[in-house]
Asks: 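One structure, as structure tokens, below. Some questions next.
These values consider heavy atoms only, across backbone and side chains, with no hydrogens, waters or symmetry-generated copies. This chain uses plain numbering: 1 for the first residue, then up along the sequence.
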Amino acid sequence: MDVTAIGEILIDLTQTGVNGAGVPQFSANPGGAPANAAVAAARLGAKTAFWGKVGDDAFGAYLRRVLKDNGVDASGLRTGSQPTTMAIVSVDEAGERSFQFLRGADRDICPEEVDEDAVLRTKILHFGSVSLTAGMSRSATIFAARTAHKNGGLVSYDPNYRPALWANQAEAAEWMAIPLPLVDIIKLAEEELPLLAGTADLEEGTRILEERGLSLIMVTLGGEGVFCRWKGESWHQPGVPVKVADTNGAGDTFLGAVLSRLCQRGEKPLEGLTRAELKDILAFANRAAAFTCSRSGAIPAMPALAELEGGRMP
């Protein structure tokens with residue numbers, strides 16, 4: 001397997017408007033950052049798998065089908081006694097989004113449900129911080145990352161900060177930093193850098209993370225692209241101009257694209273990686289994210305490899 005992701009898969013219940021009586025209307029979209037990244041990588045040619053837990057309900061069956069339909073191995077998707085987790089995304093009159101999480105089955109995957117042999121057979125093990133917030137998923141995620149790390153596999157991490165899931169920012173920063181000694185590749189948003197590095201300065205913050213042992217550090221900057229640090233060098237990789245329809249899933253698409261291209265380099269994806277190669281990979285990933293932004297939805301908007309071949313733009 002190229003990429004195995006562990007963590008949350010859920011329903012994004014997103015407000016799409018109001019009806020004639022002023023009643024909010026919602027659309028049930030597949031979501032969850034690790035699942036999104038697994039789908040993005042699969043659509044771009046990687047062999048991917050996802051481990052997590054859903055409820056024994058219609059939403060759980062739907063999410064399992066979404067993974068399979070997108071070429072993701074869903075044999076590690078467990079069914080639990082709790083309902084499928086939902087994230088409710090509401091939009092106010094000014095267009096600002098607010099999130100409310102109804103946590104369920106995603107918290108309950110336990111270490112015993114992690115296939116240790118499968119961890120050893122994957123090139124890259126990927127996870128995010130939502131599964132570190134509560135429940136048995138915290139232990140399962142750290143177990144999987146530690147197993148991959150100690151056996152020479154690469155570990156990828158997205159410290160996807162969601163304030164509503166933590167008691168306070170200090171607790172979030174503490175737990176989000178715990179897995180860092182196990183991590184090789186990190187993708188974080190600009191606003192997450194201070195939580196892990198203690199500074200918002202891109203140059204200084206990424207240098208601090210590199211000193212802590214991380215190899216490839218990527219800070220996404222929205223439409224401005226990404227700031228990258230690799231082998232003691234740092235640079236800004238410009239984004240791709242696009243008419244934005246929806247930014248949901250863009251960061252996950254970017255990361256999935258990076259991981260898929262790295263896996264094409266062989267069994268040791270970071271070994272011998274040059275700056276020139278990495279710049280090409282980041283340019284590819286920026287284009288993939290731009291395609292996602294140009295269409296509505298997260299997983300439904302993610303591009304297939306054929307759309308990106310030949311340097312096509314959205």
Asks: May I ask whether Phe50 and Met1 are part of the same hydrophobic cluster, defined by side-chain heavy atoms of I, L, V, M, F, W, Y residues being less than 4.5 angstrom apart, directly or through others?
Replies: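 No, Phe50 does not connect to Met1 through the hydrophobic network.
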Asks: Enter the distance from Asp115:CG to Arg121:CZ here, rounded to the nearest 0.5 Å.
Replies: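 So the CG of Asp115 and the CZ of Arg121 are separated by 6.0 Å.
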Asks: Is the closest side-chain heavy-atom distance between Leu278 and Leu216 below 4.5 Å?
Replies: yes
Asks: Can you list everything that forms a side-chain hydrogen bond (donor to acceptor under 3.5 Å, both in side chains) with Thr199? Sequence neighbours excluded, please.
Replies: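 Once residues adjacent in sequence are excluded, Thr199 has no partner under the side-chain hydrogen bond (donor to acceptor under 3.5 Å, both in side chains) criterion.
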Asks: Ignoring hydrogens and angles, tell me if any N or O in the side chain of Arg64 forms a donor-acceptor pair with the backbone of Leu77 under 3.5 Å.
Replies: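 Indeed, once roles are kept as given, a pair shorter than 3.5 Å links the two residues.
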Asks: Between Glu203 and Arg229 (salt bridge meaning N to carboxylate O under 4.0 Å), is one present in this structure?
Replies: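 Looking at Glu203 and Arg229, the cut-off is met.
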Asks: Would you check if the side chain of Glu113 reaches a backbone N or O of Cys110 as a donor-acceptor pair within less than 3.5 Å?
Replies: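 Side chain of Glu113 to backbone of Cys110, a donor-acceptor pair under 3.5 Å: yes, one is there.
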Asks: Can any side-chain N or O of Asn286 pair as donor or acceptor with the backbone N or O of Pro238 at less than 3.5 Å?
Replies: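 Checking the backbone N and O of Pro238 against the side chain of Asn286, a donor-acceptor pair under 3.5 Å is found.
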Asks: Listed by chain and number, what are the side-chain hydrogen bond (donor to acceptor under 3.5 Å, both in side chains) partners of Asp57, not counting sequence neighbours?
Replies: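 side-chain hydrogen bond (donor to acceptor under 3.5 Å, both in side chains) check on Asp57 returns Thr84.
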Asks: Might you confirm whether atom CG of Asp201 has over 12 heavy atoms from other residues, nucleotides or ligands at distances under 6.0 Å?
Replies: yes
Asks: Please name all residues satisfying side-chain hydrogen bond (donor to acceptor under 3.5 Å, both in side chains) with Arg295, sequence neighbours left out, ordered by chain then number.
Replies: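 For Arg295, the residues satisfying side-chain hydrogen bond (donor to acceptor under 3.5 Å, both in side chains) (neighbours in sequence not counted) are Glu307.
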Asks: Under the criterion side chain to side chain contact (heavy atoms under 4.5 Å, CB included), I'd like the reasoning laid out for Leu255 against Thr220: C-alpha separation, chi angles, the key distance, then a yes or no.
Replies: CA-CA 10 Å; Leu255 181 57; Thr220 54; over 6 Å; no
Asks: Filter on salt bridge (Lys or Arg N to Asp or Glu O under 4.0 Å), then keep only pairs touching residues 211-222, sequence neighbours left out; what's left?
Replies: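 For residues 211-222: Arg207-Glu211.
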Asks: For Glu267, give me all partners under side-chain hydrogen bond (donor to acceptor under 3.5 Å, both in side chains), at least two apart in sequence or on another chain.
Replies: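 For Glu267 there are no side-chain hydrogen bond (donor to acceptor under 3.5 Å, both in side chains) partners, ignoring immediate neighbours.
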Asks: Would the distance check show the side chain of Ser131 and the main-chain N or O of Ser137 forming a donor-acceptor pair, the cut-off being under 3.5 Å?
Replies: no
Asks: I'd like to know if the side chain of Trp51 and the backbone of Ile109 have a donor-acceptor N/O pair within less than 3.5 Å.
Replies: no
Asks: Set out, in order, the CA-CA distance, both residues' side-chain angles and the distance that settles side chain to side chain contact (heavy atoms under 4.5 Å, CB included) for Phe127 and Val155, then state yes or no.
Replies: CA-CA 8 Å; Phe127 71 100; Val155 178; 3.6 Å; yes
Asks: Spell out, yes or no, whether Leu165 and Met86 are grouped together once hydrophobic residues are joined by side-chain heavy atoms under 4.5 Å, including indirect joins.
Replies: no
Asks: Sub-3.5 Å donor-acceptor pair from the side chain of Glu210 to the main-chain atoms of Gly232, do we have one?
Replies: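 Confirmed, Glu210 side chain pairs with Gly232 backbone.
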Asks: Please say which of Arg138, Arg103, Arg107 ends up in a side-chain hydrogen bond (donor to acceptor under 3.5 Å, both in side chains) with Thr133.
Replies: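 Only one option passes, and that is Arg103.
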Asks: According to a 4.5 Å side-chain heavy-atom criterion applied to Ile, Leu, Val, Met, Phe, Trp and Tyr, with indirect links allowed, do Leu188 and Leu154 form part of one hydrophobic cluster?
Replies: no
Asks: When you measure from the side chain of Asp73 to the backbone of Ser75, do you find a donor-acceptor pair of N or O atoms at a distance under 3.5 Å?
Replies: yes
Asks: Test of understanding: clusters of I, L, V, M, F, W, Y form through side-chain heavy atoms closer than 4.5 Å, transitively. Do Leu10 and Ile88 belong to the same one?
Replies: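 No, Leu10 does not connect to Ile88 through the hydrophobic network.
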Asks: For the side chain of Arg146 and the backbone of Leu182, is there at least one donor-acceptor N/O pair under 3.5 Å apart?
Replies: no
Asks: Does the Asn70 side chain pair with the main chain of Val72, one donor and one acceptor, at a distance under 3.5 Å?
Replies: no
Asks: Any donor-acceptor pair under 3.5 Å linking the side chain of Tyr161 with the backbone of Ser129?
Replies: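 No: the side chain of Tyr161 does not pair with the backbone of Ser129.
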Asks: Checking Asp2 now: which residues fulfil salt bridge (Lys or Arg N to Asp or Glu O under 4.0 Å) with it, not counting sequence neighbours?
Replies: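 For Asp2, the residues satisfying salt bridge (Lys or Arg N to Asp or Glu O under 4.0 Å) (neighbours in sequence not counted) are Lys123.
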Asks: So with a 6.0 Å cut-off around CD of Glu171, is the heavy-atom count from everything else above 12?
Replies: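 More than 12 heavy atoms, drawn from other residues, nucleotides or ligands, come within 6.0 Å of this atom.
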